[in-house]
Amino acid sequence: MADRIPILRMGDCLLVSVQVEMHDQLALTLQNDLTEKIVAARAKGVLIDISVLEMVDSFIGRMLGNIASMSKVLDAETVVVGMQPAVAITLVELGMELPGIRTALDVESGMELIRELIDGQDPDADDQD
Amino acid sequence: MPTIKTDALPIRSDEDVVRVRQKVRQWATELSFSLVEQTKVVTAASELARNTLVHGGGGEVTLETLAEGTKRKGLRLTFQDRGPGIPNIERAMTEGYTTGDGLGLGLSGARRLSSEFDIHSEVGVGTSVTITRWK
Amino acid sequence: MNHPKTGRVADLVARAQQDILDDWIRQQLGQTGRGAGRISEAALRQQSTRFLEAFARAINGGLIYDAKAPRWDDLREVLKELSLSRAAQNFSTSETATFIFSLKQPLFERLRKEAGGADVDADIWSISTLLDTLGLYTSEAYQKAREEVINRQQEEMLELSTPVVQLWDGIVALPLIGTLDSARTQVVMESLLNEVMARRAKFAIIDITGVPTVDTLVAQHLLKTVAAARLMGVECLISGIRPQFAQTIVHLGIDLTQVVTKASLADAFSLALKKLQMAVVRLEGRPGRS
């Protein structure tokens, strides 16, 4: 089992594509690696693709929320993309609506959203967040 | 209620938790659960397996395939540990209550994702949680 | 219960099977019920023959009807098939049961004739009870078949009644019609989210104009759908809010502030367009159509 999820750098953004089944230690390692890399790369945006994940439980959900909050403190925007419908329905049923996390359908619209957020043209600026 | 198939897996490490999820997914697929039903039961199993590992100091899960009549099929999972036990189950079941560093959604969340939920715990002896998901 | 072992009836049926069959069919054809004419003589003859053959085999050696005895398996299978095919042809339960009961008359007549004055009351009584049981069994099988048809139709209706329509590139709508219950909302939720995924929509409009009543449970289901869609990166708008619904929501104390609601589907659509930085405009230099 892989003990690290690779983090790719693209300009001022970091890209994470979760391709393996998450276990708790893997999630914690990703959380640490990401925060360090945000500082090291002076990244402004983080995109996490979870389209392959077949389930997200409260631990992984909390890890996603933590990453979003921590990167916010480090002045980077986090967008989670590609959550499967069954996973989303289950998370809501579980009581985890993850209000602090930005989401998009796929990598492409996720990158668009990050660009908008970085450029300060937040399309949802008038909405609650 | 006849049991059709049964199996047990140990829960001693993070990797074991992943194996429990995979096994539960496989059995749920065999019962032709819908994708959402599969995901719900796998997620519930993941929460409970983690509880067994983190709070119970490890243990095991028993999987059972159930049939009631010809149509109704279900998957029953029993998580058992010989850990410290839960002194106040009612409080442990409260959403948001946590002893560890989680969100406290483990037990309450697993209950919400299951058709039936049953918990027995004795301080100093251990904890047993049984969930059933009917198709 | 002490059923007489009636070698006599078994012998009779074995010996005079063809004659009994002819009498029985003639009698059925003479009946003018609602079922007459809906089944061809050939089909009737075939069903009657199969039943009588299975019946002859089953009673050979005793009349004790035991629902679990393997001796009767064959006959029950025949009865089940018969009930299913008759259910499909819109026969009523009593008509199907009458098919079995109508065997009594030709059977008893022949029994009396052959007995030549001997007492056949006990035979008639036990065979009559037996046929009644079998007739009731067809009713049960018929009902079960009907229930299966109804269940299947309900499932089909669930899927049929929740179409997801594409309004524009990136915008889908789900017009809900009829009462929302837990099971239906689950299906609605799943089909909406799957469709959104498949069409890469950024906006999903749930229109509840056709939903007669909205209670706390329905509102909660709607909120869950909206929350799940948001996790996928899709914004949900709810349209078709009627004055009564607005009142209910406030009275029940349901918090809909996290959800964008619009009075009409058109309003929601135009908001979605606006968010996609699009607009519907009148072409200049052309006269309006109306």
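Every chain is numbered from 1, with letters handed out A, B, ... down the list of sequences.
Ranked by heavy-atom pairs under 4.5 Å with chain A, the first of B:Val42, B:Leu113, B:Leu53, B:Thr43 is B:Thr43. In terms of heavy-atom pairs under 4.5 Å with chain A, the best-connected choice from B:Arg25, B:Gln22, B:Gln38 is B:Arg25.
Residue pairs meeting the side-chain hydrogen bond (donor to acceptor under 3.5 Å, both in side chains) criterion with at least one member in residues 87-97 of chain A, sequence neighbours excluded, are A:Glu93-C:Lys224.
Proximity to chain A (any heavy atom under 4.5 Å) is shown, for B:Arg111, by neither the backbone nor the side chain. For B:Glu37, no part lies under 4.5 angstrom from a heavy atom of chain A. For a residue to count as touching a neighbouring chain, one of its non-hydrogen atoms must lie under 4.5 Å from one of that chain's; by this rule B:Val17 does not touch chain A.
Between B:Arg21 and A:Asp57 there is a side-chain heavy-atom pair separated by less than 4.5 Å. Side-chain contact check for A:Glu54 versus B:Leu35: every heavy-atom pair is 4.5 Å or farther apart.
One distance of note links CD of A:Glu21 with OG of B:Ser46; it measures 8.0 Å at 0.5 Å rounding.
Heavy atoms of other residues, nucleotides or ligands lying less than 6.0 angstrom from CD of B:Glu116 number more than 12.
Residues B:Ala110 and A:Leu94 approach most closely at N-CD1, 4.4 Å, considering heavy atoms.
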- request: Please report the C-alpha distance between A:Asp24 and B:Arg50 in whole Å, then the side-chain angles of each, then the deciding distance to 0.1 Å, and finally whether the side-chain contact (heavy atoms from CB on, under 4.5 Å) criterion is met.
  value: CA-CA 9 Å; A:Asp24 295 0; B:Arg50 178 177 301 107; 2.5 Å; yes

task: Please assess B:Thr39 against A:Ile89 for the test side-chain contact (heavy atoms from CB on, under 4.5 Å), listing each intermediate value before the final yes or no.
output: CA-CA 9 Å; B:Thr39 310; A:Ile89 291 172; over 6 Å; no

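A donor-acceptor contact shorter than 3.5 Å links the side chain of B:Asp14 to the backbone of A:Gln25.
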